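First comes the structure, then the notes that go with it.
Every value quoted in this text rests on a predicted model; they were computed, and no experiment measured them. These values consider heavy atoms only, across backbone and side chains, with no hydrogens, waters or symmetry-generated copies.
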Amino acid sequence: MDTKVAQLINEQINKELYSAYLYLDFANYYGSIGLDGFENWYKVQAQEERDHAMLFYQYLQNNGETVTFAAIAKPEWHRDDAMAPLQEGLKHEKYVTSLIHNIYAAASAVQDFRTMQLLDWFVKEQGEEEKSAADMITKMELFGSDAKGLYMLNSELKTRAYTAPSLTL
């Protein structure tokens with residue numbers, strides 16, 4: 001595997017673990033303000049991000065590459081109101097999409113088709129992640145200022161259950 005591609009994937013493992021850490025912090029915030037449905041939604045999101053890190057980890061190992069770990073940064077965001085994590089979440093997903101695109105471009109430049117095939121799944125996944133994050137903002141804009149609407153939205157988010165990714169390496 002190309003050295004630069006392997007390095008970018010190693011860095012992506014850290015970024016995915018940071019994403020899990022960030023979303024767990026969002027869950028913690030929502031739990032502290034009594035929105036346990038939002039808390040659940042972000043706990044599930046954190047599980048997804050940990051699995052994304054593990055997919056990259058396993059991919060590097062399967063290709064004989066050394067996995068190296070770096071410190072995971074402390075999440076920094078403004079806890080202004082219940083909308084803040086949703087907006088920060090969408091911003092973060094767009095950032096992660098750009099990281100995946102950067103790895104894809106590096107793999108494409110060296111004709112690393114196997115890595116490009118792996119990344120095809122992540123490109124699709126990031127499209128879904130961005131849409132989910134945008135949908136959460138839309139729902140909060142529509143229902144968040146009404147107590148009954150917020151209660152119903154929170155109740156809906158309590159039902160989200162974790163489903164492991166179906167990507168075979």
Side-chain angles (χ1 to χ4, degrees), residues 9 11-59 69-104 116-169:
I9 292 173
E11 291 170 3
Q12 191 63 30
I13 293 169
N14 181 273
K15 300 295 186 187
E16 297 292 342
L17 291 171
Y18 172 81
S19 297
Y21 203 38
L22 176 66
Y23 293 151
L24 196 56
D25 198 28
F26 290 172
N28 183 50
Y29 169 77
Y30 281 122
S32 74
I33 63 170
L35 291 172
D36 56 347
F38 286 79
E39 177 185 23
N40 175 65
W41 199 89
Y42 275 109
K43 281 182 179 178
V44 170
Q45 199 64 24
Q47 286 177 299
E48 282 189 11
E49 302 304 338
R50 283 190 303 268
D51 273 356
H52 294 170
M54 291 306 297
L55 288 168
F56 282 119
Y57 170 88
Q58 192 62 55
Y59 181 75
F69 295 103
I72 301 170
K74 178 183 178 195
E76 297 290 342
W77 56 282
H78 297 287
R79 290 154 175 80
D80 299 329
D81 55 26
M83 180 65 91
L86 303 178
Q87 292 168 330
E88 189 64 33
L90 177 58
K91 179 179 154 189
H92 183 72
E93 288 299 340
K94 289 180 178 183
Y95 169 67
V96 172
T97 298
S98 75
L99 295 172
I100 298 295
H101 290 175
N102 288 341
I103 301 169
Y104 202 108
M116 291 165 59
Q117 185 178 24
L118 168 76
L119 293 171
D120 284 340
W121 183 88
F122 280 97
V123 169
K124 180 178 180 286
E125 176 71 8
Q126 280 309 119
E128 293 170 6
E129 296 286 5
E130 285 186 28
K131 181 172 182 345
S132 291
D135 288 350
M136 290 284 286
I137 291 170
T138 299
K139 288 178 181 182
M140 184 61 114
E141 287 172 344
L142 289 170
F143 308 115
S145 61
D146 173 67
K148 290 178 186 175
L150 182 59
Y151 175 81
M152 295 298 290
L153 178 55
N154 188 63
S155 296
E156 174 189 321
L157 297 178
K158 280 185 204 180
T159 65
R160 184 180 187 203
Y162 179 68
T163 307
S166 59
L167 176 63
T168 305
L169 297 177

If you measure from CG on Leu24 to OG on Ser19, what distance do you get to the nearest 0.5 Å?
12.0 Å
When you compare the side chain of Val44 with that of Asn40, does any pair of heavy atoms fall below 4.5 Å?
yes
Would you say Asn14's side chain and Phe69's backbone share a donor-acceptor pair under 3.5 angstrom?
no
Asp135 vs Lys131, test: salt bridge (Lys or Arg N to Asp or Glu O under 4.0 Å). Steps then yes/no.
CA-CA 6 Å; Asp135 288 350; Lys131 181 172 182 345; 2.8 Å; yes
Is it the case that over 12 heavy atoms from other parts of the model lie below 6.0 angstrom from the CE atom of Met152?
no
From CD (Glu48) to OG1 (Thr163), nearest 0.5 Å
8.0 Å
Are the side chains of Phe38 and Met140 in contact, using a 4.5 Å heavy-atom criterion?
yes
Does the pair Phe122 and Leu55 meet the rule for a side chain to side chain contact (heavy atoms under 4.5 Å, CB included), with working shown?
CA-CA 10 Å; Phe122 280 97; Leu55 288 168; 4.0 Å; yes
Is the closest side-chain heavy-atom distance between Lys15 and Val96 below 4.5 Å?
no
Can the ring centres of Tyr42 and Tyr29 be said to be less than 6.0 Å apart?
no
Taking 4.0 angstrom as the limit, do Asp120 and Lys124 come out as a salt bridge?
no
Below 6.0 angstrom between ring centroids: does that apply to Phe26 and Trp41?
no
May I ask you to check whether over 12 heavy atoms, not counting those of Lys158, lie within 6.0 Å of atom NZ?
yes
Flag, side chain of Asp81 to backbone of Ala84, donor-acceptor distance under 3.5 Å:
yes
Can you find a heavy atom in the side chain of Leu35 that is under 4.5 Å from one in the side chain of Leu150?
yes
Gap between atom CD of Gln12 and atom CG of Leu17 - 0.5 Å precision
10.0 Å
Which distance, rounded to the nearest 0.5 Å, do you find between the CD1 of Ile103 and the CD of Glu11?
8.5 Å
For the backbone of Ser155 and the side chain of Thr159, can you confirm whether one donor and one acceptor N or O come within less than 3.5 Å of each other?
no
Here the gap from Leu118 atom CG to Gln58 atom CD, rounded to the nearest 0.5 Å, amounts to 11.5 Å
Minimum heavy-atom distance between Pro75 and Asp25, given as atom pair plus value
CB-OD2, 3.8 Å
Restricting to non-hydrogen atoms, name the atom on Ala27 and the atom on Glu39 that form the minimum distance, rounded to 0.1 Å.
O-CG, 3.2 Å
I'd like to know if the side chain of Glu93 reaches the main chain of Gln126, judged simply by a donor and an acceptor atom lying under 3.5 Å from each other, with no hydrogens or angles considered.
no
Side-chain contact, heavy-atom cut-off 4.5 Å: Met83 with Glu141?
yes
Quick one: closest heavy-atom pair of Glu49 and Ala20, and the distance?
CB-N, 3.6 Å
Mark yes or no for whether Ser132, through its side chain, and Glu129, through its backbone, hold a donor-acceptor pair below 3.5 Å.
no
Interatomic distance, CG@Leu86 vs OG1@Thr138, rounded to 0.5 Å, equals 10.0 Å
Minimum side-chain heavy-atom gap Trp77-Leu22 below 4.5 Å
yes
Only one of Glu130, His92, Glu125 passes side-chain hydrogen bond (donor to acceptor under 3.5 Å, both in side chains) with Thr97; say which it is.
Glu130
Glu128 CD: over 12 foreign heavy atoms closer than 6.0 Å
yes
Single hit among Tyr23, Trp121, Tyr57 for ring-ring contact (aromatic ring centres under 6.0 Å, His included) with His52:
Trp121
Which atom pair, heavy atoms only, marks the closest approach of Ala82 to Ile33?
CB-CD1, 4.2 Å
